[in-house]
Amino acid sequence: MTIVLARNSPTEVVASTVGPLGELLGEARVLPFAQLAAFVAEREGRPEAERWVWSDSSRWYGDLLSAGVRVRRCHDLRLSHAILRNSTLTAHTAFARSEPTDWSLPAEPLSAHVVPAHSTLFDLGETMASGRGAANEDSVAEYRRQLMALSEVPDAGRLRLLLAAESVGALIAAEMRHAGLPWRTDVHDAILTEELGPRVPYGTRPARLEELAGRIRDILGDQSVNPDSPQNVLKALNRAGLMITSTNRWELAEQSHPVIAPLLEYKKRARLLTANGWTWMDQWIVNERLHPDYVPGGAATGRWATSGGGALQLPRQVRAAVTADPGWKLVVADAAQLEPRILAALSADTAMAAAGRGTDMYAGIVASGVVESRDHAKVAMLGAMYGATTGESGRLMPKLTRAYPRAIRLVEQAARAGERGELVTTWLGRSSPAPGEEWREAQRRASQPGANAAEESRARSRAREWGRFTRNFVVQGSAAEWALCWMGEIRNSLHAIQQRSSTPPARRAAASGAVFESIPHLVFFLHDEIIVHTPEEHADEVAAAVTEAAAFAGRLLFGDFPVDFPLGIAVVDRYADAK
DNA sequence: CGGTTCTGCCAC
DNA sequence: AAACGTGGCAGAACCG
């Protein structure tokens with residue numbers, strides 16, 4: 001059954017049951033927000049899984065989770081709209097060719113600090129009520145238009161899978177934000193104290209940094225040096241005779257001067273303080289949980305982005321603070337060499353897939369005699385996917401091209417398409433954005449008869465730049481699709497484990513408002529890795545399910561093509577212990 | 001003074 | 001060794 005939920009007024013929801021073409025089945029029900037959670041919970045209590053269609057999962061589902069209600073399936077209209085409007089597969093449809101509407105706008109970010117507490121049913125709708133405008137949502141009509149667009153695509157199987165994967169990703173994002181990543185503030189504080197000295201008020205330098213700043217000034221014989229100011233440091237180092245043009249780490253590291261070591265150490269520690277210091281901890285860790293605001297589909301390639309919390313860049317330095325609760329474990333898994341494996345499958349390059357038969361594809365490439373070392377294999381593969389032309393990576397390209405012609409042809413063709421300003425499309429059907437007007441104008445000018453050399457060279461350089469983007473887009477975007485399928489299947493398996501387990505399910509949890517209090521659940525996702533927080537007794541079962549889900553995702557996308565997706569996987573107490 | 005851009009570094 | 005993709009973020013630097 002499919003039920004479209006839409007905001008009817010600032011205080012009401014309309015729930016419309018619809019059929020396969022989005023046609024209304026029976027009367028729509030109007031509910032006050034206060035009754036929505038009970039309504040959804042009742043439908044979710046039935047054996048058959050409803051599909052909830054709504055504008056924006058982060059709002060609708062965030063509210064439901066706060067009220068203690070989990071759902072199994074949804075269709076996220078806004079995320080699906082973005083895919084269907086831009087895909088080359090739907091480019092011929094009225095849906096893609098019509099003028100953009102409000103549905104074409106990105107979801108509004110959740111307000112900075114609605115960290116999911118366990119609110120009561122009474123609060124439900126607060127997030128919804130704060131959404132864009134007060135206008136009613138025309139969700140049924142939009143759903144119908146999307147179904148219509150899909151029906152106009154000859155072979156829409158992959159596109160349908162993409163919309164389902166994108167939508168389940170949005171559910172998972174909301175669930176992970178709700179549950180939060182277990183975070184020990186005492187461990188975090190101990191790391192900071194060890195690296196920086198005891199906590200000091202915001203705006204003052206901790207002892208360890210003060211001491212390093214003193215040493216830097218003494219060595220340079222200049223007490224006015226401020227190591228936090230790149231400009232100031234650059235001038236001071238130039239005065240000291242160092243021929244550098246910036247103060248970035250690699251340029252400094254090339255110099256031999258006694259000030260370099262303390263300066264690099266200062267920068268390292270200062271970074272920890274500003275990015276993940278006490279201020280960050282106070283702001284983002286609530287009740288020993290990090291609640292990052294994931295943005296599914298936030299990157300053009302379909303990768304997730306985040307806004308706030310910095311979950312895309314949790315430095316290794318602080319990962320020891322990510323610690324399972326007593327009696328619980330973290331199952332940490334990452335896909336080994338995901339992107340090259342995806343490339344092998346996209347291009348049906350059986351030689352490259354064969355090199356990935358073991359757990360280390362780079363070792364497999366060496367074993368096949370393509371290059372001499374694992375480092376070479378890695379830098380060559382990354383160069384092929386990123387479009388490297390110079391350096392070691394560029395020099396190794398011919399060897400790779402000889403060994404894996406199909407794979408390399410695929411990325412080269414994607415690059416050439418981008419250079420011509422064309423769109424490229426992932427395995428499941430997400431297309432790259434078109435280059436901007438400025439880009440097109442530059443290309444037009446350069447191709448005019450009177451164009452000067454500078455214009456031509458600038459245009460060529462912009463074209464190659466866009467080619468590197470589209471080259472990477474097909475691989476990165478298809479890898480993101482695999483990851484969504486992997487995670488969606490993990491979610492299904494965890495649900496099944498919960499159903500089988502003696503610790504009973506959602507109903508009791510729902511009553512307490514804590515949807516994930518006693519069951520294994522995903523708590524972290526980053527491009528090709530996941531963390532599940534699980535009661536210890538389920539840890540091995542969870543690890544097996546995560547592993548099987550990777551194989552499942554491979555079959556779902558690539559059918560019988562013999563490509564493996566091995567994982568690095570560990571059952572640990574602390575994230576830092578995983579690899 | 002507040003808003004925007006730049007620099008540098010974190011993650012994959 | 002330093003050029004090769006996607007992001008976020010803090011603080012400095014710049015600008016009207």
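Just so it is clear, the values below take in all heavy atoms, side chains as well, and ignore hydrogens, waters and symmetry mates.
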Side chain of [X] only, heavy atoms from C-beta on: which candidate in [options] is closest?
| X | options | result |
| --- | --- | --- |
| A:Ala305 | B:dA11, C:dC4, C:dG8 | C:dG8 |
| A:Glu254 | C:dA12, C:dG8, C:dA2 | C:dA2 |
| A:Phe469 | C:dG5, B:dG8, C:dC4 | C:dG5 |
| A:Arg249 | C:dT6, C:dA12, B:dC10 | B:dC10 |
| A:Thr274 | C:dA2, C:dT6, C:dA10 | C:dA10 |
| A:Gln313 | C:dC4, B:dC12, C:dG8 | C:dG8 |

Report which part of the nucleic acid [X] touches: base, sugar-phosphate, or nothing (heavy-atom distance under 4.0 Å, all strands).
| X | result |
| --- | --- |
| A:Arg471 | nothing |
| A:Ala300 | sugar-phosphate |
| A:Gly308 | sugar-phosphate |
| A:Gly298 | nothing |
| A:Ser307 | sugar-phosphate |
| A:Arg319 | sugar-phosphate |
| A:Gly387 | sugar-phosphate |
| A:Asn276 | nothing |
| A:Gln231 | sugar-phosphate |
| A:Gly391 | nothing |
| A:Glu251 | nothing |

Which whole-number value in Å describes the distance from [X] [atom1] to [N] [atom2]?
| X | N | atom1 | atom2 | value |
| --- | --- | --- | --- | --- |
| A:Ile530 | B:dC12 | CD1 | C1' | 15 Å |
| A:Leu272 | B:dC10 | CG | P | 10 Å |
| A:Trp284 | B:dC10 | CH2 | P | 21 Å |
| A:Gln476 | B:dC12 | CD | C1' | 8 Å |
| A:Arg269 | B:dC10 | CZ | C1' | 17 Å |
| A:Asp293 | C:dC9 | CG | P | 9 Å |
| A:Ile244 | C:dA2 | CD1 | P | 16 Å |
| A:Tyr266 | B:dG8 | OH | P | 15 Å |

Under 4.0 Å between a side-chain N/O of [X] and OP1 or OP2 of [N], yes or no?
| X | N | value |
| --- | --- | --- |
| A:Tyr202 | C:dG11 | yes |
| A:Thr306 | C:dG7 | no |
| A:Thr247 | B:dG8 | yes |
| A:Lys267 | B:dC9 | yes |
| A:Arg303 | C:dG7 | no |

- Query: Between B:dC12 and C:dC4, how far is it from one C1' atom to the other, in whole Å?
  - Reply: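 Going atom to atom, C1' in each nucleotide, I get 14 Å.
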Atom [atom1] in [X], atom [atom2] in [Y]: separation rounded to 0.5 Å?
| X | Y | atom1 | atom2 | value |
| --- | --- | --- | --- | --- |
| A:Arg430 | A:Ile83 | CZ | CD1 | 4.0 Å |
| A:His533 | A:Phe524 | NE2 | CZ | 14.5 Å |
| A:Trp304 | A:Met176 | CH2 | CE | 4.0 Å |
| A:Arg249 | A:Lys267 | CZ | NZ | 9.5 Å |

- With ring centroids as reference points, do A:Trp482 and A:Phe558 lie under 6.0 angstrom apart? no
- Message: Show the nearest heavy-atom pair for residues A:Ile260 and A:Leu252, with the distance to one decimal.
- Response: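 Scanning both residues completely, I find the closest heavy atoms to be CG2-O, 3.6 Å.
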- Message: Taking atom types as they are modelled, would you say the side chain of A:Arg271 forms a donor-acceptor pair with the base of B:dC9 within the 3.5 Å cutoff?
- Response: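 Check passes, donor-acceptor contact within cut-off.
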- Task: Decide side chain to side chain donor-acceptor pair (under 3.5 Å) for A:Thr425 and A:Thr88; before the verdict, give the C-alpha distance in whole Å, the side-chain angles of both, and the deciding distance to 0.1 Å.
- Result: CA-CA 7 Å; A:Thr425 298; A:Thr88 53; 2.6 Å; yes
